[in-house]
Amino acid sequence: MDTSRLDLNLLVTLEALLTERNVTRAAARLSLSQPAVSAQLSRLRDVFEDPLLLPAQRGMTPTAKALSLLEPLRQALDQVRNVATSHLHFDPAHAELTVTIAATDYLQAAVLQPLVLRLRREAPGVRIAVRHMDPRQHAAQLAQGDVDLGLMQPIEADGSLRQRPLFHERYVLIARRGHPAVAGKLSAKAFARLEQVVVSPAGGAFSTPVDQALAGLGLKRQVVLSAASFLFVPDIVGRSDLVALVPERLVKGRAAGLQVLAPPLPIDGFDIAMVWHERNHGHAGHRWLREQLAMVAG
């Protein structure tokens, strides 16, 4: 490979193309004409001796080599950007900034609520607009600027987005204090006999992977309520003899009147990350906010 034919502008163009996977959008992002970006893509193909991006039904599909280049390319360009923008400073006490964050209802309660309380103390001029996270639309929302930051499972995030791990969540069993059949650790058999609430974000489902695990033990539980939101669950559990498996952070600091127990059988947890589009990556205010969110979540 003849590196003498490379320049920084070519690498910046490659990053934009691999992120947007569309010549027109990459050109708009770089403030260049579409023919200019197409010409630079042709030069990049010569330099790397690879097609890099292939025409697809919608936009372009990166080759295996292109995918392997994306992360090290970003890291290298980030170092250059950090040198170039190290003089920029965000003063949270006096700055004014509006950031739109998309998250599920559970993450709004578990993560965004403490974030907003922190911001009121440290950055009173920072406003947060909260939107519901739609995993099917998150990439478009971030690309179009409708959302600045998303909270979601990293396995669901579009590969073109930046992401940073926040935490691993696990499930706990909740029941009201004084429940006649729950006092401390439960066996899977005793758990299956209890009337239960499950959460079905799409609505109406009465079965989850927990039921498959129970079936493997020859057990079937009694699900009497399917809720569309986790936020509904702790209150109804606290007012009845229903029990539920919920993410632990949902009831952290909100467990008055509840017993919080280990699940009666192994249940896989899940990871949560924050994701954002390249356009916000270098913004000093957004960088500061992402650090605050990481501290709150951690």
Side-chain angles (χ1 to χ4, degrees), residues 103-115 132-133 135 150-157 163 165-274 293-294 296-298:
T104 63
D105 53 0
Y106 140 67
L107 288 169
Q108 290 172 28
V111 180
L112 295 189
Q113 179 176 313
L115 173 67
H132 185 71
M133 169 59 75
L151 303 182
M152 63 191 303
Q153 295 187 51
I155 59 172
E156 296 180 335
Q163 62 173 268
L166 289 178
F167 60 87
H168 179 78
E169 180 64 287
R170 64 173 190 153
Y171 284 95
V172 294
L173 176 68
I174 59 171
R176 72 172 176 87
R177 294 189 184 277
H179 192 295
V182 181
K185 186 176 181 180
L186 278 180
S187 67
K189 187 174 182 179
F191 167 74
R193 288 197 296 263
L194 299 173
E195 293 187 333
Q196 301 184 32
V197 187
V198 298
V199 173
S200 170
F206 285 85
S207 178
T208 74
V210 173
D211 295 277
Q212 299 172 17
L214 287 170
L217 300 174
L219 299 171
K220 183 178 180 179
R221 61 175 173 167
Q222 301 184 62
V223 178
V224 301
L225 175 62
S226 175
S229 167
F230 273 114
L231 300 186
F232 170 77
V233 176
D235 186 55
I236 196 166
V237 166
R239 295 168 179 262
S240 68
D241 286 341
L242 298 174
V243 301
L245 290 163
V246 299
E248 184 176 30
R249 287 180 180 239
L250 180 67
V251 292
K252 189 174 182 180
R254 305 178 182 88
L258 295 174
Q259 300 179 64
V260 180
L261 310 171
L265 70 166
I267 299 173
D268 290 337
F270 54 92
D271 295 318
I272 293 295
M274 55 179 159
L293 183 55
V296 167

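Position 1 is the first residue of the sequence, and the numbers go up from there. Every value quoted in this text rests on a predicted model; they were computed, and no experiment measured them.
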Decide yes or no on side chain to side chain contact (heavy atoms under 4.5 Å, CB included) for Val233 and Ile174, but give the supporting numbers first.
CA-CA 9 Å; Val233 176; Ile174 59 171; 4.3 Å; yes
Would you sort out whether Phe191 and Leu219 count as a side chain to side chain contact (heavy atoms under 4.5 Å, CB included), showing the intermediate values?
CA-CA 10 Å; Phe191 167 74; Leu219 299 171; over 6 Å; no
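The nearest pair of heavy atoms linking Pro114 to Ala109 is CD-O, 3.9 Å. In this structure, Ala181 and Leu186 approach most closely via the heavy-atom pair O-CD2, 3.8 Å. Closest approach of Ala175 to Val243, counting heavy atoms only: CB-CG1, 3.7 Å. Summarising the geometry of Leu250 relative to Pro234, their closest heavy-atom pair is CD2-CG, 4.0 Å, with the distance given to 0.1 Å. The minimum heavy-atom distance linking Leu261 with Gly184 is given by the pair CD1-O, 3.2 Å. The minimum heavy-atom distance linking Leu242 with Val237 is given by the pair O-CG1, 3.4 Å.
For the atom pair CG (Leu258) and CG (Asp235), the distance works out to 9.0 Å, reported to the nearest 0.5 Å. Summarising the geometry, atom CG belonging to Leu151 is positioned 5.5 Å from atom CG belonging to Leu107; distances are rounded to the nearest 0.5 Å. Met274 contributes atom CE, which lies 5.0 Å from atom CG of Leu166 (distance to the nearest 0.5 angstrom). Distance check, rounded to the nearest 0.5 Å: CD of Gln153 to CD of Glu169 gives 10.5 Å. In this structure, the separation between CE on Met133 and CD on Gln108 is 10.0 Å, given to the nearest 0.5 Å.
Residue pairs satisfying the side-chain hydrogen bond (donor to acceptor under 3.5 Å, both in side chains) criterion with at least one member in residues 173-186, sequence neighbours excluded, are listed as follows: Arg176-Asp241. Annotation: side-chain hydrogen bond (donor to acceptor under 3.5 Å, both in side chains) contacts involving residues 203-226, sequence neighbours excluded, comprise Gln196-Arg221, Thr208-Arg221, Asp211-Arg221. Sorted by first and then second residue, the ring-ring contact (aromatic ring centres under 6.0 Å, His included) pairs involving residues 243-274 (not counting sequence neighbours) are Tyr171-Phe270. Pairs of residues two or more places apart, or lying in two chains, never qualify as salt bridge (Lys or Arg N to Asp or Glu O under 4.0 Å) while including a residue from residues 256-265. Sorted by first then second residue, the side-chain hydrogen bond (donor to acceptor under 3.5 Å, both in side chains) pairs that include residues 246-268, not counting sequence neighbours, are Arg170-Glu248. Within the structure, ring-ring contact (aromatic ring centres under 6.0 Å, His included) contacts touching residues 204-237 (residues at least two apart or in different chains) do not occur.
Side-chain contact between Val111 and Ile272 is absent, with no heavy atoms from C-beta onward closer than 4.5 Å. Proximity of Val198 to Leu245: side-chain heavy atoms (C-beta onward) are nowhere separated by under 4.5 Å.
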